[in-house]
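Here is the structure we will look at.
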Amino acid sequence: MASVARTLTRASKQASFSFTPLRRNITTATRARPTTSITASTKQTGRRSYASGGSPSGGSSKIVIPLSLGLIGAAGYYAYSNNLLASAFASAQASGLKTGGVFTPTKDDFQKVYNDVAELLENNEYDDGSYGPVVVRLGWHASGTYDKDTKTGGSNGATMRFAPESDHGANAGLKTARDLLEGIKQKHHWITYSDLWTLAAVAAIQEMGGPKIPWRPGRKDGDVSACTPDGRLPDASKDQKHIRAIFYRMGFNDQEIVALSGAHALGRCHTDRSGFDGPWTFSPTMLTNDYYKLLLEEKWSWKKWNGPKQFEDVSTKSLMMLPTDMALIKDKEFRKHVERYAKDNDLFFKDFADAFGRLLELGVPFEKEEKFIFKSTSD
């Protein structure tokens, strides 16, 4: 019996020695992305070490027999634990964890983020029943600060998290969108804010009936030192000269300016944010070419009120247009694109997807060329 005990003791020591590296790798992976199976196995390992660690004093056969049985149990338990942890480790690798704890997200991981954003968008207590328009505006304004000459601004950095950029007049009200997405950031802690905001804008566009927009990750978050100066976003009270100055600085042409302006089919203005008031279209939670149709087909007059200068439709007085909107049909180069999009929604969707996708990439030094197209919840 003593010989059996010595044999099992050596086996237990060898098992303990060979088990250590596996346990160390699993612990590292657990810190990167905890899973229930890994945590459970680590706890079981602790119990195994405690059960086989001590031995009673004395040398009678009455004591050796329980010790031998304990060693048999320990050896059996080691085999069970080793198999369980090996299975957990394989599962962790399959889910995207690399040895050493480096997590490389896949398209499926980003699709999960998309899905979580989509679940948050509809809310009957907010505006017209959707957070979609304000989420689109967040992605738009986070990206539209780019200056192609100085190579500053753009979606890389998510610097709207900090003052003074968060306090710029054009960003009024966007705290609503940033706060909305904070829970998703905490759930998917591996994604950067700048990737999250732009991906959320893509999700909002697609969930509101818009086109598929190719998107790729690779943005890195910056700090307050990278905040851009005020005045880089459009001023709605200005004319076509101002519009061109803003968008040419980003690198867009006249056709792309008009295509991007089609986002005004979504949402509404608020007096406590921009000072303006009202929606552009009758369906502010669906992206269509109605914005262009209404610009051309409705009669517009100056609204008589105490707020800033804006236009209202003559027939219902429930819609509004901004001076920058009306500039698109007053300028002949802009107007020809307005007319094209008013006639062809598919053409608008194609050009909008191209321009909006490029807007979301301004200022980003991507390392990969591959782009993802995400499934909408209606697919």
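Residue numbers start at 1 and run along the sequence shown. Note that the structure is predicted; figures quoted are calculated from it, not measured.
A heavy-atom distance below 4.5 Å is not found between the side chains of Arg178 and Leu196. The closest side-chain heavy-atom distance from Phe334 to Ile257 is below 4.5 Å. Residues Lys299 and Asp313 have side chains not in contact (no heavy-atom distance under 4.5 Å, counting atoms from C-beta outward). No side-chain heavy atom of Thr324 sits less than 4.5 Å from a side-chain heavy atom of Pro234. Side-chain contact between Val135 and Leu180 is present, with at least one heavy-atom pair separated by less than 4.5 Å. Looking at heavy atoms from C-beta onward, Pro365 lies in side-chain contact with Asn156 at the 4.5 angstrom threshold.
For Asp235, the salt bridge (charged side-chain N to carboxylate O under 4.0 Å, His left out) test picks out Lys238, with sequence neighbours left out. Applying the ring pair (Phe, Tyr, Trp, His ring centres under 6.0 Å) rule to Trp300 yields no partners; only residues at least two apart in sequence or on another chain are considered. For Asp195, the side-chain hydrogen bond (donor to acceptor under 3.5 Å, both in side chains) partners are Arg219, not counting sequence neighbours. For Lys148, the side-chain contact (heavy atoms from CB on, under 4.5 Å) test picks out Tyr146, with sequence neighbours left out. In terms of the salt bridge (charged side-chain N to carboxylate O under 4.0 Å, His left out) criterion, Lys185 has no residue partners (sequence neighbours excluded). A search for side-chain hydrogen bond (donor to acceptor under 3.5 Å, both in side chains) contacts involving Ser225 returns Asp223, not counting sequence neighbours. Taking Tyr126 as the reference, Tyr131 meet the ring pair (Phe, Tyr, Trp, His ring centres under 6.0 Å) condition, with sequence neighbours excluded. The ring pair (Phe, Tyr, Trp, His ring centres under 6.0 Å) check on Phe247 picks up Trp140, with sequence neighbours excluded. Listed by chain and number, the residues in a side-chain contact (heavy atoms from CB on, under 4.5 Å) with Asp351 are Gln255, Ala259, Arg340, Tyr341, Leu347 (sequence neighbours excluded). Every residue meeting the side-chain contact (heavy atoms from CB on, under 4.5 Å) condition with Ala158, not counting sequence neighbours, appears here in chain and number order: Arg161, Tyr193, Ser194, Trp197, Asp221. Considering only residues two or more places apart in sequence or on other chains, His242 meets the side-chain hydrogen bond (donor to acceptor under 3.5 Å, both in side chains) condition with none of them. Partners of Lys343 under the side-chain contact (heavy atoms from CB on, under 4.5 Å) rule, at least two apart in sequence or in another chain, do not exist in this structure.
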request  = Could you walk me through whether Tyr291 and Asp325 pass side chain to side chain donor-acceptor pair (under 3.5 Å), step by step?
outcome  = CA-CA 9 Å; Tyr291 167 75; Asp325 296 315; 2.6 Å; yes
task = Apply salt bridge (Lys or Arg N to Asp or Glu O under 4.0 Å) to the pair Arg358 and Glu256, showing each step before the final yes or no.
result = CA-CA 10 Å; Arg358 191 154 73 84; Glu256 292 166 327; 2.9 Å; yes
request  = Mind running side chain to side chain donor-acceptor pair (under 3.5 Å) on Thr176 and Arg137 for me, showing each step along the way?
outcome  = CA-CA 11 Å; Thr176 297; Arg137 185 167 161 248; over 6 Å; no
request  = Please assess Ile205 against Val136 for the test side-chain contact (heavy atoms from CB on, under 4.5 Å), listing each intermediate value before the final yes or no.
outcome  = CA-CA 7 Å; Ile205 289 292; Val136 170; 3.7 Å; yes
ask   = Are Asn171 and Leu233 close enough, and set up right, to give a side-chain contact (heavy atoms from CB on, under 4.5 Å), and what steps lead you there?
value = CA-CA 9 Å; Asn171 294 330; Leu233 294 167; 3.6 Å; yes
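Salt bridge present: Asp128 and Arg268 bring a charged side-chain N and a carboxylate O closer than 4.0 Å. Checked for salt-bridge contact, Asp239 and Lys330 miss the test: no charged N lies under 4.0 Å from a carboxylate O. Comment: Lys293 does not engage Glu298 in a salt bridge, judged by the lack of any side-chain N to carboxylate O separation of less than 4.0 angstrom. At a threshold of 4.0 Å, the pair Asp116-Lys187 counts as salt-bridged, since one of the basic side-chain nitrogens sits closer than that to a carboxylate oxygen. Comment: Arg244 engages Asp254 in a salt bridge, judged by a side-chain N to carboxylate O separation of less than 4.0 angstrom. Of the charged side-chain nitrogens involved, at least one lies within less than 4.0 Å of a carboxylate oxygen, so that Glu361 and Arg216 count as a salt-bridged pair. Under a 4.0 Å N-O distance rule, the pair Glu312/Lys304 does not qualify as a salt bridge.
In this structure, CZ in Arg335 is found 10.5 Å from CG in Leu328, a value given to the nearest 0.5 Å. Considering CE of Met160 and CD of Glu165, their distance stands at 6.0 Å, rounded to 0.5 Å. Distance check: Leu360 CG to Ser143 OG gives 4.5 Å after rounding to the nearest 0.5 Å. The CZ atom of Phe349 sits 9.5 Å away from the CD1 atom of Ile213 when rounded to the nearest 0.5 Å. Atom CE in Met321 sits 8.0 Å away from atom CD1 in Ile329 (nearest 0.5 Å). Taking CG from Leu287 and CG from Leu266, the interatomic distance works out to 5.0 Å, rounded to the nearest 0.5 Å.
A donor-acceptor contact under 3.5 angstrom links the side chains of Glu207 and Thr377, judged on distance only. Neither side chain, Glu119 nor Asn115, offers a donor N or O lying under 3.5 Å from an acceptor on the other. A side-chain donor from one of Ser376 and Lys212 sits under 3.5 Å from a side-chain acceptor of the other. Side-chain contact, Glu122 with Ser130: no donor N or O sits under 3.5 Å from an acceptor N or O.
Linking Ile, Leu, Val, Met, Phe, Trp and Tyr residues whenever their side-chain heavy atoms come within less than 4.5 Å places Phe372 and Ile191 in a single cluster.
For the pair Lys371 and Trp215, the cation does not sit on the ring face, since its NZ or CZ is not both under 6.0 Å from the ring centre and inside 45° of the axis.
Ring-plane geometry between Phe348 and Phe352 is classed as tilted, the angle between the planes lying from 30 to 60 degrees on a 0 to 90 degree scale.
Within 6.0 Å of atom CG in Asp272, more than 12 heavy atoms from other residues, nucleotides or ligands are found, so the atom counts as buried in its surroundings.
Ring-centre distance between Trp280 and Phe311: not below the 6.0 Å cut-off.
Proximity of a side-chain donor or acceptor of Asp147 to a complementary backbone N or O of Lys151 within less than 3.5 Å is not detected.
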